Enquirer: 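Please see the structure below; I have some questions.
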Amino acid sequence: MSNKDYTTNALMAVTASRLLEDNQNVVVGLGLPQIATLLAQYMHAPNINIIYEIGVINPEAVEMGVGIADPRLWYKSEHFTSFAGTLGGLLQRGKVDVGFLGGLQVDKYGNLNSTLIEKEDGIRHFTGSGGAADIATYSKNILAIMKHQKRKIVDTVDYLTSVGYLRGDNSRQDEGIPGCENITIITNKCVFTFERGSKQIKLESIHPGIELKELKESTGCDFVVPEQIKLTDEPTDKEIKLLDTKVDPNHLYI
Amino acid sequence: MSNKDYTTNALMAVTASRLLEDNQNVVVGLGLPQIATLLAQYMHAPNINIIYEIGVINPEAVEMGVGIADPRLWYKSEHFTSFAGTLGGLLQRGKVDVGFLGGLQVDKYGNLNSTLIEKEDGIRHFTGSGGAADIATYSKNILAIMKHQKRKIVDTVDYLTSVGYLRGDNSRQDEGIPGCENITIITNKCVFTFERGSKQIKLESIHPGIELKELKESTGCDFVVPEQIKLTDEPTDKEIKLLDTKVDPNHLYI
Amino acid sequence: MNNKVLTIKEAVNKIPDSKARLALGGFAITRCPIAFVNEIIRQKKEKLDLYQIIGSMDSDLLVGSGCVKKYSYSGGSLDRFGRIERINQAIANNEIEVREYSGLSMSLRFLAGSYSMPFVPSKTLLGTDILNNLLKKGEKDVVVSKSPFSDEKWVYLKALQPDYAIIHAQYADQKGNVIIEGPKWDMEMAKAAKNLFVTVEKIVSNEYIKNNVEKVTIPALYTTGVIEAPYGAFPTSVYNFYDYGSDALKEYAKINRNDQDFEKYKNENILGTDNHYQYLNKICDIEGLLNRQAIPDYGYQPQRGSK
Amino acid sequence: MNNKVLTIKEAVNKIPDSKARLALGGFAITRCPIAFVNEIIRQKKEKLDLYQIIGSMDSDLLVGSGCVKKYSYSGGSLDRFGRIERINQAIANNEIEVREYSGLSMSLRFLAGSYSMPFVPSKTLLGTDILNNLLKKGEKDVVVSKSPFSDEKWVYLKALQPDYAIIHAQYADQKGNVIIEGPKWDMEMAKAAKNLFVTVEKIVSNEYIKNNVEKVTIPALYTTGVIEAPYGAFPTSVYNFYDYGSDALKEYAKINRNDQDFEKYKNENILGTDNHYQYLNKICDIEGLLNRQAIPDYGYQPQRGSK
């Protein structure tokens, strides 16, 4: 089943795609989230519903775009609505099973920052929330895709844009925030999930070829390491072929 | 200007139509309200916007219907929306200048009942509110068209479906209800408006041929009578001709 | 493709036999889900907790057939054909629990439900006997309270998310993307319900949906089941498909005035039939049905020149 | 017919010179009302209290040009072309007051405004620094308080009804019935504003509106003024009309990174021109413009086979 001819991005996309189930409603963004969702549709989840927060449902894009504001991503849609329609009528309404997120930082409880970085000479302001804060509040499962860097996976985020498990334990629930079943962080080095009770970040699997030592050095917070460290399942030939031929033939993201 | 060849219904429709101004947004119902609005459009108010609460804006019906649920009344509309769209997005939003109402009873402060009548052997339940309660709360002006009977124009309504001036004076305002500039009751015998301060019902004008004595006998509550009693202005030839030829050529309502 | 198509019998079968919380889409005499409602009557569902914006022929049939325990609505009629007398009499005789709202307050409750807002504030109902009666009856879904921003008083209306909504529409695909043409009074109700069953005149392809994307009123994510039911709202009208059946409605507005006549109508036309085609055969003939077909551009059956 | 057609100059002239409360319709690099915004810059409006769901090229231009005192939004970008650096730097340098929301909380504020609900409750923002910062900055439009029905805690978001909303759409008639094709993120904002100015690619007849009634997104009752502005959103895209101008956006995403370059862009392309046609001449040529025309059925300019 192994296939050494794949990029790390392909591994990340495949890992994310396998976490998606058929008939789920998924809020998707451009790039790896889109790639992962399309792959899942080809592989095992043909009835996934795709939601772009801008107000687009179930398009069948034939070209990659530059963002969800690109009409390329709206091709052959089933419904057009408003921001209130997607984030209110679907997300807050409890209809979203999986939300993809990214960001500048994630912390040990899965909280995400997409707003700003504190530097010595002041703050540096980036993209901000958009729907990210709302997706973190209301989506039943969160899939975050991040670059693995010490300054990106941290003890405490500089700015909490999107709630994960807040301060761990029951703090999310105590704050009155709707429950989140699973938060999964997929990086270019490993997959993190969170301990059931304490909600501490834990190593779920390590990507083939990555050493634990390297992982610890490039992570800005402690994480739970299981006794038996699992290897992230590698892509199958079929998955790689689909990525190469159907999902991202121009290799924009893979 | 006088034209004796007109029905009382025509007089009522003409009287209502003259109270409508150009560019007003009007919530209309079937029958005389529709007739009055169409006449106003032909006469002096071509830019009136017609709203049917079912979710229809600015139709150009070519046949009369049996009610606002009749697709005859939706012909050549400019917009279709929901009940929340008309009563929420337009009425509660403050966009409605005039609301037409009818009902089983009206009282001396302009409160209306369209729900039930108390009889000796129990209650008799009728149509209920629909949007009537909401129109009375949020429309800037109310035009109610009623049959003039002792049991219909009363001291206190059996059931207060739609707020007028509540218990008079500032009671409507004190209750926290948005203000209503004018309530006008047009009957087959006269026009009633309401005193500025006390909000008591008062005789605005009496229809030609009706005696004050007859009016008092057929009215179930006291009303203020001005020193000089005005006669309701009669329809002009032009108005009658428009009613006969354009607005209601089959004389369903006129 | 996720195929949500089923028969009316199957759909009604999914609704609990007793105490279901159900919302109906009809408005007086248009787009009433008559085919669905008649099957509810045939399957003898009971103690329904029924919600509707405007009382209509569909709910009058359900109340008259004894399926309803509690009915929340904002009034209604059969337009000029008559009154919803099964409902009016059931209220007068205390045979059902009734919660009477206004059109806006019911609509806002559904609107809130469609966004999972917990409740909405409004000024409507203040000063009315509608509000007095709701509070007197202990309706817990309505509270008068001040604003979190000031001392201003508001009527707080709790969101409504019924277990089932039943609407009748023009088109849907097998996935459940629904196109409603004409006014869409039932749109928020459909989105608010936990399960949405849609009877449609025609099931169309997903390609048709995508080619007419700007007309899709309810995306498939809200839809539980799709049922093809041609003339499924008759004798009430469906814009662009057929006009109301005047004779059948006149007849209904006569027989709903007393128990015996209604009982006979129910036994012969609903319980005495097995499906909607048979019901249609009872209340009209083929000529009567086809003569009510809508004319394009009008959306109804206009008066013929000769008439 | 009530004719609401006017020129961009006339429309901008109706907006007060200082402190107007204004909402913008753009989303990153699509349907940004660039023609209108550039005229605001030319007429040197100042101290704008600006609202937008997603920060976009339109607001970046306004903030960069010093027209904005306060900006409320939920973050934004120029998609892959780059960042809205005029805004980011203005925030970092404390040159504007900023109120940062999430997409849902901004949308709900406009949704509430579009129904004149005074406020809406939501769970979103709880636990975030977005909420902490809003409260710390004394934003009076956000309150955390319990429900009138229980002790449950909610974030109450006050309705937003800006004095003016500016959106760019595909079509409107002279009365102001507006058709938006594709996603309609700005629909509630448009309905919430006290005055709505719409720039459109094409003014169509009222007959066209009535023949396409199911596509009418905003009925005329909400609209104050209609302006025909072909390519009025360029270099951002308009679905079914034209694609974004890649070169012009690349250039903009470069020059918005520092004060000098932006100043030069503004002086030459906006203040140095008298209208949108002249601005278009500065940022592209006719070939560049016409090559971006959308292909029917795609809604954008698809990759040519040869490319």
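Keep in mind it's a predicted model, so treat the numbers as computed, not measured. Proteins get letters first, then strands, A, B, ... in listed order; numbering begins at 1 in each.
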Enquirer: Quick one: what part of Asp70(B) sits under 4.5 Å from any heavy atom of chain C, side chain, backbone, both or neither?
Expert: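 Asp70(B) touches chain C through backbone and side-chain heavy atoms alike.
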Enquirer: Can you tell me how far CD1 of Ile123(B) sits from CD1 of Ile91(C), rounded to the nearest 0.5 angstrom?
Expert: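 Rounded to the nearest 0.5 Å, the CD1-CD1 separation comes out at 7.0 Å.
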Enquirer: Can you tell me if CG on Asn182(B) sees more than 12 non-hydrogen neighbours from other groups inside 6.0 Å?
Expert: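 Yes, the 6.0 Å shell around CG holds more than 12 heavy atoms from other groups.
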Enquirer: Can you say whether Leu30(B) sits under 4.5 Å from chain C via the side chain, the backbone, both, or neither, judging by heavy atoms?
Expert: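 Looking at Leu30(B), backbone and side chain both touch chain C.
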Enquirer: Taking every non-hydrogen pair under 4.5 Å, which of Ser107(C), Gly55(C), Gly75(C) racks up the most with chain B?
Expert: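 Most heavy-atom pairs within the cutoff with chain B belong to Ser107(C).
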Enquirer: Quick check for you: among Gly131(B), Ala133(B), Gly130(B), which has the greatest number of heavy-atom pairs under 4.5 Å with chain C?
Expert: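 Of Gly131(B), Ala133(B), Gly130(B), Gly130(B) has the most heavy-atom pairs under 4.5 Å with chain C.
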Enquirer: Between Tyr52(B) and chain C, with a heavy-atom cut-off of 4.5 Å, which part of the residue counts as in contact: side chain, backbone, both or neither?
Expert: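 Neither part, no heavy atoms under 4.5 Å.
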Enquirer: Provide the closest heavy-atom pair for Pro183(C) versus Gly55(B) in the form atom of the first, atom of the second, distance.
Expert: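 Distance-wise, the nearest heavy atoms are CB-O, 3.7 Å.
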Enquirer: Is a side-chain N or O of Glu63(B) found less than 3.5 angstrom from the main chain of Pro302(C), in a donor-acceptor match?
Expert: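 Flag not set: sc Glu63(B) to bb Pro302(C) has no pair under 3.5 Å.
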Enquirer: Checking heavy atoms, do the side chain of Ile68(B), its backbone, both or neither come under 4.5 Å from chain C?
Expert: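 Both backbone and side chain.
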Enquirer: Can you tell which part of Gln89(C) gets under 4.5 Å to a heavy atom of chain B, answering side chain, backbone, both or neither?
Expert: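 The answer is neither part of Gln89(C).
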Enquirer: Might you point out which heavy atoms bring Ser77(C) and Thr127(B) nearest each other, and give the distance in Å?
Expert: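 Residues Ser77(C) and Thr127(B), closest heavy atoms: CB-CG2, 4.3 Å.
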Enquirer: Under a 4.5 Å heavy-atom cut-off, does chain C meet the side chain of Thr161(B), its backbone, both or neither?
Expert: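 The answer is both parts of Thr161(B).
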Enquirer: Is Ile130(C) in contact with chain B via its backbone, its side chain, both, or neither, using a 4.5 Å heavy-atom distance?
Expert: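 Contact with chain B is through both the backbone and side chain of Ile130(C).
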Enquirer: For chain B, find which of Ile29(C), Ile84(C), Thr30(C), Asn88(C) contributes the most heavy-atom pairs closer than 4.5 angstrom.
Expert: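 Heavy-atom pairs under 4.5 Å are most numerous for Asn88(C).
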Enquirer: Take atom NZ in Lys150(B); do more than 12 heavy atoms of anything else shown fall under 6.0 Å from it?
Expert: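 It does: Lys150(B) NZ has more than 12 such atoms within range.
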Enquirer: Where is the tightest heavy-atom contact between Asp79(C) and Gly67(B), given as atom of each residue plus distance?
Expert: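 Heavy atoms only, the tightest pair is OD2-CA, 3.2 Å.
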Enquirer: Checking heavy atoms, do the side chain of Ile54(B), its backbone, both or neither come under 4.5 Å from chain C?
Expert: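 Both backbone and side chain.
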Enquirer: Flag the pair Asp243(C) and Arg72(B) as a salt bridge only when some basic side-chain nitrogen lies within less than 4.0 angstrom of an acidic carboxylate oxygen.
Expert: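 Yes.
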Enquirer: Can you tell which part of Tyr298(C) gets under 4.5 Å to a heavy atom of chain B, answering side chain, backbone, both or neither?
Expert: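 Backbone plus side chain of Tyr298(C), per the 4.5 Å heavy-atom cut-off to chain B.
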Enquirer: Residue by residue, which of residues 99-106 of chain C have a heavy atom closer than 4.5 Å to a heavy atom belonging to chain B?
Expert: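 Glu100(C), Tyr101(C), Ser102(C), Gly103(C), Leu104(C), Ser105(C), listed by number.
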Enquirer: Could you check which of Asn113(B), Asp134(B), Ile135(B), Leu166(B) has the highest count of heavy-atom pairs closer than 4.5 Å to chain C?
Expert: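 Among Asn113(B), Asp134(B), Ile135(B), Leu166(B), the one with the most close pairs to chain C is Asp134(B).
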Enquirer: Under 4.5 Å, heavy atom to heavy atom, which residues of residues 136-147 of chain B contact chain C?
Expert: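 Checking residues 136-147 of chain B against chain C gives Thr137(B), Tyr138(B).
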Enquirer: Hey, which of Asn93(C), Leu78(C), Leu111(C), Asn133(C) has the most heavy atom pairs under 4.5 Å with chain B?
Expert: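 The option with the most such pairs is Asn133(C).
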Enquirer: Do you know which two heavy atoms are closest between Lys123(C) and Pro178(B), and how far apart they sit?
Expert: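 Heavy atoms only, the tightest pair is CB-CD, 3.9 Å.
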Enquirer: Is it true that, when you exclude Asn250(B) itself, more than 12 heavy atoms of the residues, nucleotides or ligands shown sit nearer than 6.0 Å to its CG?
Expert: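 It does: Asn250(B) CG has more than 12 such atoms within range.
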Enquirer: Could you have a look at Gly182(C), Ser122(C), Ser56(C) and say which one has the most heavy-atom pairs with chain B under 4.5 angstrom?
Expert: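 Heavy-atom pair counts peak at Gly182(C).
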Enquirer: Between Tyr239(C) and Tyr75(B), does the ring centroid distance fall short of 6.0 Å?
Expert: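 No; Tyr75(B) has its ring centre 6.0 Å or more from that of Tyr239(C).
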Enquirer: In Å and rounded to the nearest 0.5 Å, what is the NZ to CZ distance from Lys215(C) to Phe80(B)?
Expert: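 Here the rounded value is 10.5 Å.
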Enquirer: Do you know which of Ser237(C), Ala28(C), Gly76(C) has the most heavy-atom pairs with chain B at a distance under 4.5 angstrom?
Expert: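 Among Ser237(C), Ala28(C), Gly76(C), the one with the most close pairs to chain B is Gly76(C).
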Enquirer: Select, from Ser114(B), Ser162(B), Ser171(B), Gly128(B), the one with the greatest count of heavy-atom pairs under 4.5 Å involving chain C.
Expert: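 Most heavy-atom pairs within the cutoff with chain C belong to Gly128(B).
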Enquirer: Kindly indicate, with the supporting measurements, whether the criterion ring pair (Phe, Tyr, Trp, His ring centres under 6.0 Å) is fulfilled by Phe110(C) and Phe83(B).
Expert: CA-CA 10 Å; Phe110(C) 283 123; Phe83(B) 226 55; over 10 Å; no
Enquirer: Sort Arg167(B) into side chain, backbone, both or neither according to what part of it lies under 4.5 angstrom from a heavy atom of chain C.
Expert: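 For Arg167(B), neither part sits under 4.5 Å from chain C.
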Enquirer: Is any side-chain heavy atom of Glu175(B) closer than 4.5 Å to one of Lys153(C)?
Expert: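 Yes. Closest side-chain heavy atoms under 4.5 Å.
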Enquirer: What distance separates Ser82(B) OG from Ile180(C) CD1, expressed to the nearest 0.5 Å?
Expert: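 Spacing of OG (Ser82(B)) from CD1 (Ile180(C)) equals 10.0 Å.
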Enquirer: Side chain, backbone, both or neither: which part of Leu108(C) has a non-hydrogen atom closer than 4.5 Å to chain B?
Expert: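 Contact with chain B is through the side chain of Leu108(C) alone.
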Enquirer: Flag the one option from Trp154(C), Tyr300(C), Trp185(C) with the top tally of heavy-atom pairs under 4.5 Å to chain B.
Expert: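 If we count pairs closer than 4.5 Å to chain B, Tyr300(C) comes out on top.
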